[in-house]
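One structure below.
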Amino acid sequence: DGTKGDAIVQTGGDNGTKEIHVIGTEIQHRYGGEMWVNLVLVSGEKYNNHCDKQARKAQILFICDPDVGMGVPQLLDEANDDASYCFYMFEWSTSLVCPENATKGRGGMSAGTLLLLQLVVIVLVYLVLGLGYKRFVVGARGTEQIPT
């Protein structure tokens with residue numbers, strides 16, 4: 001916490017003007033879970049006419065998605081209607097916050113492995129039931145009890 005230097009920058013403007021506003025330059029809070037991280041950035045440029053001219057701030061919610069690579073941030077909302085709490089809210093689906101096991105092969109079985117496993121189970125069930133039938137119902141002994 002308290003890391004300075006990195007920034008979120010807003011670009012664009014109305015009527016063809018190019019405006020640049022620094023939204024946040026300091027990480028105030030960092031917390032998360034196994035599949036997500038939330039950063040709160042503060043110390044941005046002050047608003048000109050609203051939010052009691054407070055400094056801009058932002059929250060970025062990074063969500064694990066192993067399939068998107070770095071991903072692209074999406075602006076969800078610029079909450080600037082309440083003068084006491086103004087902020088930008090971003091969501092960023094990315095593989096960069098995924099745990100190592102989420103990005104490596106996912107640990108599932110291939111279709112061929114599943115098919116082979118089913119075949120082995122079917123053969124074992126056939127042998128066990130066939131052996132039991134021939135031994136206890138037919139009365140076979142020795143190699144005669146192996147089902148054909």
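Since the structure is predicted, the reported quantities are computational estimates derived from the model, not experimental observations.
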Grab the two heavy atoms, one from [X] and one from [Y], that are nearest each other, plus how far apart they are.
X: Y47; Y: H50; answer: CB-O, 3.1 Å
X: T25; Y: V22; answer: CG2-CG1, 3.4 Å
X: N48; Y: K53; answer: O-CE, 3.0 Å
X: T94; Y: F62; answer: CG2-CD2, 4.1 Å
X: F90; Y: I23; answer: CZ-CD1, 4.4 Å
X: A55; Y: G44; answer: CB-O, 3.3 Å

Reported [atom1]-to-[atom2] distance for the pair [X] and [Y], which is rounded to 0.5 angstrom:
X: L114; Y: L119; atom1: CG; atom2: CG; answer: 12.5 Å
X: S95; Y: I63; atom1: OG; atom2: CD1; answer: 13.5 Å
X: C51; Y: K46; atom1: SG; atom2: NZ; answer: 12.5 Å
X: E34; Y: C98; atom1: CD; atom2: SG; answer: 10.0 Å
X: Q145; Y: L127; atom1: CD; atom2: CG; answer: 11.5 Å
X: N38; Y: R30; atom1: CG; atom2: CZ; answer: 11.5 Å

Counting C-beta onward and ignoring hydrogens, is there a side-chain heavy-atom pair between [X] and [Y] closer than 4.5 Å?
X: P99; Y: C64; answer: yes
X: V68; Y: D65; answer: yes
X: W92; Y: W36; answer: no
X: Q118; Y: V120; answer: no

Checklist entry - Between R56 and F87, is NZ or CZ placed under 6.0 angstrom from the six-membered ring centre and within 45° of the ring axis? => result no
Next on the checklist: What verdict does the side-chain contact (heavy atoms from CB on, under 4.5 Å) test give for R135 and R141, after you've listed the backbone C-alpha separation in whole Å, the side-chain angles of each residue and the deciding distance to 0.1 Å?
Outcome noted: CA-CA 6 Å; R135 179 173 182 102; R141 295 282 182 238; 3.4 Å; yes
Next on the checklist: The criterion is ring-ring contact (aromatic ring centres under 6.0 Å, His included); which residues satisfy it with Y88, sequence neighbours excluded?
Outcome noted: none
Checklist entry - Would L41 and I60 satisfy side-chain contact (heavy atoms from CB on, under 4.5 Å), going step by step from the backbone distance to the final call? => result CA-CA 8 Å; L41 286 93; I60 308 173; 3.8 Å; yes
Checklist entry - Hey, mind stepping through V128 and L131 against side-chain contact (heavy atoms from CB on, under 4.5 Å) and telling me if it holds? => result CA-CA 5 Å; V128 168; L131 248 158; 5.9 Å; no
Item to check | Stepwise side-chain contact (heavy atoms from CB on, under 4.5 Å) check, L129 with V125 | outcome: CA-CA 6 Å; L129 291 178; V125 167; 3.7 Å; yes
